[in-house]
Amino acid sequence: VQLQASGGGLVQAGGSLRLSCAASGRTFSSYALGWFRQAPGKEREFVAAINWRGNSPYYAESAKGRFTISRDSAKNTVYLQMNSLKPEDTAVYFCAARSGFYTTYPRSYDSWGQGTLVTVSS
């Protein structure tokens, strides 16, 4: 499956952004989708994931209560709604897909989008 992430940008602290990840190729509905992020000089870290049914989302502690992951299988798109953004949320955000259930480990994902930059100013 091929993934194309979009929606990043510059926002002030406390603001919101919605990231989108459009998928094409193989059957999207059988894949789990995850969002990861990577700040300069840091390792890629898990943000949120959702299974192929679109239920049971799972979030990193840093994202709980502020971010919401959702998917629209009819549109082959997964979203990450980010509210109450903080400067420490600044990173390149990647969407990723894997067959089966989601995990929090980047290396377990088979397909990756190109990343979209989110910058949160203080």
Side-chain polar contacts of residues 111-122 - donor-acceptor pairs under 3.5 angstrom, sequence neighbours left out - could you list them?
| from | atom 1 | to | atom 2 | distance (Å) |
| --- | --- | --- | --- | --- |
| S111 | OG | V1 | O | 3.1 |
| Q114 | OE1 | A5 | N | 3.2 |
| Q114 | NE2 | A5 | O | 2.7 |
| T116 | OG1 | G8 | N | 3.0 |

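- One finds the CG atom of L17 at 8.5 Å from the CD atom of Q81 (value rounded to the nearest 0.5 Å).
- Contact annotation: the side chain of D89 approaches that of R66 to within less than 4.5 Å [non-hydrogen atoms, C-beta and beyond].
- When side chains are defined from C-beta on, Y109 counts as touching F36, because their heavy atoms get closer than 4.5 Å.
- Under the 6.0 Å distance and 45° angle rule, R18 counts as a cation-pi partner of Y79.
- Taking the side chain as every heavy atom from C-beta outward, E45 and R37 approach each other to under 4.5 Å.
- Across every non-hydrogen atom of I69 and W35, the tightest pair is CD1-CD1, 3.6 Å.
- The shortest distance between side-chain heavy atoms of R71 and L33 falls below 4.5 Å.
- For the pair L19/F94, no side-chain contact is recorded, criterion being any heavy-atom separation below 4.5 Å from C-beta on.
- When all heavy atoms of Y31 and A97 are compared, the closest pair comes out as CD2-CB, 3.8 Å.
- Judged as a side-chain contact (heavy atoms from CB on, under 4.5 Å), and not counting sequence neighbours, the contacts of K42 are A39.
- The residue from V47, T68, I50 that alone fulfils the side-chain contact (heavy atoms from CB on, under 4.5 Å) condition with Y59 is T68.
- Between F46 and Y105 the shortest side-chain heavy-atom distance does not fall below 4.5 Å.
- The shortest non-hydrogen separation linking L80 to A48 is CD1-CB, 4.1 Å.
- Sequence neighbours left out, the pairs with a member in residues 86-122 that pass disulfide bond (SG atoms under 2.5 Å apart) are C21-C95.
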